[in-house]
Amino acid sequence: MTSESGGAGRGAHSGFTLSINDPTVRAVVFQVLIIGAVVLLGWWLVHNTLDNLARRSIATGFGFLEREASFGIGESMIDYHPRDSYGRAFLVGVLNTLKVSVIGIIVATVIGTLVGIARLSSNWLLAKLASLYVEVVRNVPPLLQLFVWYAVITESMPSVREAFNPLPGVFLSQRGIKIPVPESDPVWNWMIVALLVGVAAAIAMTRWARARQARTGQPFPVGLASLGLIFGMPLLTWLVGGAPTAMDVPRVQGFNFVGGATMSPEFFAILFGLSIYTAGFIAEVVRSGIVAVNWGQTEAARSLGLSSGNTLRLVVLPQALRVIVPPLTSQYLNLTKNSSLALAIGYPDLVSIANTTINQTGQSIEGVAMIMGTYLTISLGISLFMNWYNKRIALVER
Amino acid sequence: MKSGILAAAAVALSIGAAGTAHAGQTLDAIKQKGFIQCGVNTGLAGFSNPDSSGNWTGLDVDVCRAVAVALFNDPAKVKFTPLSAQQRFPAIQSGEVDILSRNTTWTLTRDTSVGLNFAPVTYYDGQGFMVSKKLGVKSAKELNGATVCVQSGTTTELNLADYFRATNMQYNPVVIESVDEVNAAFFAGRCDVLTTDASGLAGTRAAVAPNPADYVILPEIISKEPLAPAVRHGDDQWYDLVTWTVYAMIDAEENGITSKNIDEFMNSKNPSIQRLLGVSPGMGKSLGVDEKWAYNVIKKVGNYGEVFDRNVGPNTALKLERGLNALWTKGGLQYAMPLR
């Protein structure tokens, strides 16, 4: 008998008696008990809610999503008409939330990075201005900032008939920013296809160039060639397609502008309010990331003969990003969730539309569940993407 | 701004956690706590608005005071909860308030799937449009392409969509949650048109407009908005008390009884007046309150006409005519069911 079989025998022995003194058994028992209690509590809450709702003759279920919504929505990325269903109205809200979140994340990242670098600048004025920006926007509640932005636009802009016209076809008024857009033409769709092809080709070329450099040591002007592919392909398509130049220029007709594309005051206020607010936090994240990389790393890279661009790109950034990405993810999530403040200034985001739906149908529990589910899905999506990115840029220790 | 959601979450929790409900629960609870919890508008001139010293005034407020008098013989035994359009239904469903007297339109959906019972209509309203005089618009039919400011979560939003669909016109809604922000956006010029109930437009023009003479309310009334107090399903006795308190106030006006002259009617030989004022008993017992309930309501709050004139009538800032709210004997719709 070896000690190994003795150990097995002891394990089998205690398994048979199921003693509460066995830590493994105890752990399993407690976990089963706790899970059971949670499930029971959840079941009791749901059951009791449904029971009480039924007793008070309050409608339940998601059947209302197929009923006609009958209310108008100010701006929508898909075709929407009051005769469409509540489900479609909700989809309009989700898309509007995604629109403001995605554009907001990009704008906030750009502003935040610039301000974060500016705070480290050796230029005293620039560094102090950046500090002032960060301290002001971080310490004023975002809702107030939105009200300020919205009031600035609606109170300070001229009326439609006296719209400010800085460039031909561009109008600034209380109804937002109006810009001319190209008239619809099949060429524009082909240009989008060409753009995608260009991006794909640029990625493929970058891989080839990297492989070649690893093999032969010959560098390839990847940046310029990529730019050429990404912009050149659509341009070529446009020329081949007959170079259409007809524009849909906004003009005043009746109460409002017709034609062109609009950025509404509500969208402007929510987008810039959130971007500028979140950029204050991102600036600090970026600054902390850069400061976290030891100055010795830069000195070492320079003494190896790397240019300052390559020092930043190959030595400092990869290490800084490790520090930056996780807190950056939180800021992206915050921006997305803060977009629900849109309700206060009339941007039709998903909370605004769900609230209207709740009010018309009286089904608040289902409506709130849908709001929660949607935010959870969007947030988990952002988290997953950022975690993937974080893993990709993490230092590979050899 | 999240308050609507918070309220909805609260109703989910409270409905989930509430034990078994039994009939008569609302009235029992009110008697036990000694006051009525009344849900009102956060601020609508003439209907429910706190005055300069913080006392709630208005037509909707007086309805709650009248019910408090009928039950407790004291107009002060009522507490007010200001509610936004979104908060109001969760608040009444969850029991946070006992009665919702908040310029709420009586509709089928609210009567059924929202779970409310509506007492008699206290104000027959209709949705209208207000525009700046500068636009030179004379009729709602000229509003094609207009931008319209509207408060979210109201029947107003639906009527607006219906009207523009029916007349085959385009519009661009700007939907904002708080009524103050809606008004601010309209008066700043963000919208061409402000829409809500005509009484609300008159109140807004009187109280909020920088210069009331610059704004005009268009003649078209695009919807029926019967505004009525509501209670939740499940307590018929409480519902009856609210219903008949309103009828008593209308009945008093039909009989020419006011808060000033009511004592002269105590010797009236008219049997229907004797029943109303509790001189010949029975009505109070049926409702489960003091026999003098209607006498107290009229004496301390007034008849329907007095309440109307005091809060929204021609001599107030709102300057509203009786119109549909005149008694049925004078060409209006106010008609009390017989108290017998």
Side-chain angles (χ1 to χ4, degrees), chain A residues 44-46 48-49 51-53 55-59 64 69-75 81-83 143 147 150-151 153-155 157-160 174-175 253-256 258 264-266 340-341 343-346 348 351-356 358-365 367-369 371, chain B residues 1-2 4-5 7-9 11-13 15-21 85-86 88-90 93 109-110 112-115 135 142-150 152-155 157-158 160-162 164-165 171-178 181-182 184-185 188-190 192-193 232-234:
Chain A
W44 178 77
L45 270 178
V46 170
N48 214 15
T49 304
D51 197 45
N52 281 329
L53 285 172
R55 200 196 310 277
R56 291 172 199 184
S57 320
I58 299 172
F64 70 92
S70 316
F71 60 87
I73 299 178
E75 51 193 296
H81 188 273
R83 80 175 83 86
L143 182 62
F147 278 140
Y150 192 52
I153 300 161
T154 53
E155 300 279 354
M157 284 289 167
S159 71
V160 170
Q174 288 168 326
R175 304 294 152 79
Q253 182 184 314
F255 293 99
N256 212 337
V258 291
S264 72
E266 290 78 28
S340 62
L341 295 172
L343 186 63
I345 53 164
V351 177
S352 163
I353 288 171
N355 262 359
T356 300
I358 287 171
N359 217 313
Q360 311 299 4
T361 60
Q363 296 192 283
S364 43
I365 294 174
V368 171
I371 296 175
Chain B
M1 290 304 125
K2 303 275 181 58
I5 296 176
V11 72
L13 274 180
I15 291 179
T20 47
Q86 276 103 350
R88 57 184 162 177
F89 298 130
Q93 286 170 342
T109 312
R110 290 170 178 179
T112 53
S113 54
V114 178
L135 287 178
E142 299 166 31
L143 291 178
N144 194 11
T147 305
V148 185
C149 276
V150 57
S152 69
T154 59
T155 48
E157 220 180 327
L158 297 184
L160 175 68
D162 285 354
F164 276 82
R165 269 167 82 182
Y171 76 109
N172 184 32
V174 175
V175 184
I176 305 181
E177 186 193 29
S178 136
E181 292 297 320
V182 175
R190 170 66 184 97
D192 304 303
V193 186
R232 68 183 156 276
H233 285 172

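Order of the sequence lines sets the chain letters (A, B, ...), proteins ahead of strands, with each chain counted from 1. Every value quoted in this text rests on a predicted model; they were computed, and no experiment measured them.
Of the possible polar contacts, none joining the B:E181 side chain to the A:A344 backbone as a donor-acceptor pair under 3.5 Å is found. With hydrogens and angles ignored, the 3.5 Å screen pairs no side-chain donor or acceptor of A:N355 with any backbone N or O of B:S152. The main-chain N or O of B:R190 is found under 3.5 Å from a side-chain atom of A:R175 such that the two form a donor-acceptor pair.
Taking B:L135, B:D162, B:L160 one by one and counting their heavy-atom pairs under 4.5 Å with chain A, the maximum is reached by B:L135. Put simply, of B:T109, B:V175, B:V150, the one with the most heavy-atom pairs under 4.5 Å next to chain A is B:V175. By number of non-hydrogen pairs under 4.5 angstrom with chain B, the leading residue of A:E155, A:E266, A:M157 is A:E266.
Proximity to chain B involves both the backbone and the side chain of A:P82, based on heavy atoms less than 4.5 angstrom apart. For A:I73, the part lying under 4.5 angstrom from a heavy atom of chain B is the backbone only. Of the atoms belonging to A:A151, not a single heavy atom falls under 4.5 Å from chain B. With a threshold of 4.5 angstrom between heavy atoms, B:F164 does not approach chain A through any atom at all. Heavy atoms of B:N172 lying under 4.5 Å from chain A belong exclusively to its side chain. Heavy-atom distances place both the backbone and the side chain of B:A146 under 4.5 Å from chain A. Neither the backbone nor the side chain of A:S159 comes within contact range of chain B; no heavy atom of the residue lies under 4.5 Å from a heavy atom of that chain.
When every heavy atom of A:G72 is checked against every heavy atom of B:P173, the shortest pair comes out as C-CG, 3.7 Å. When all heavy atoms of B:Q93 and A:S364 are compared, the closest pair comes out as OE1-OG, 4.5 Å.
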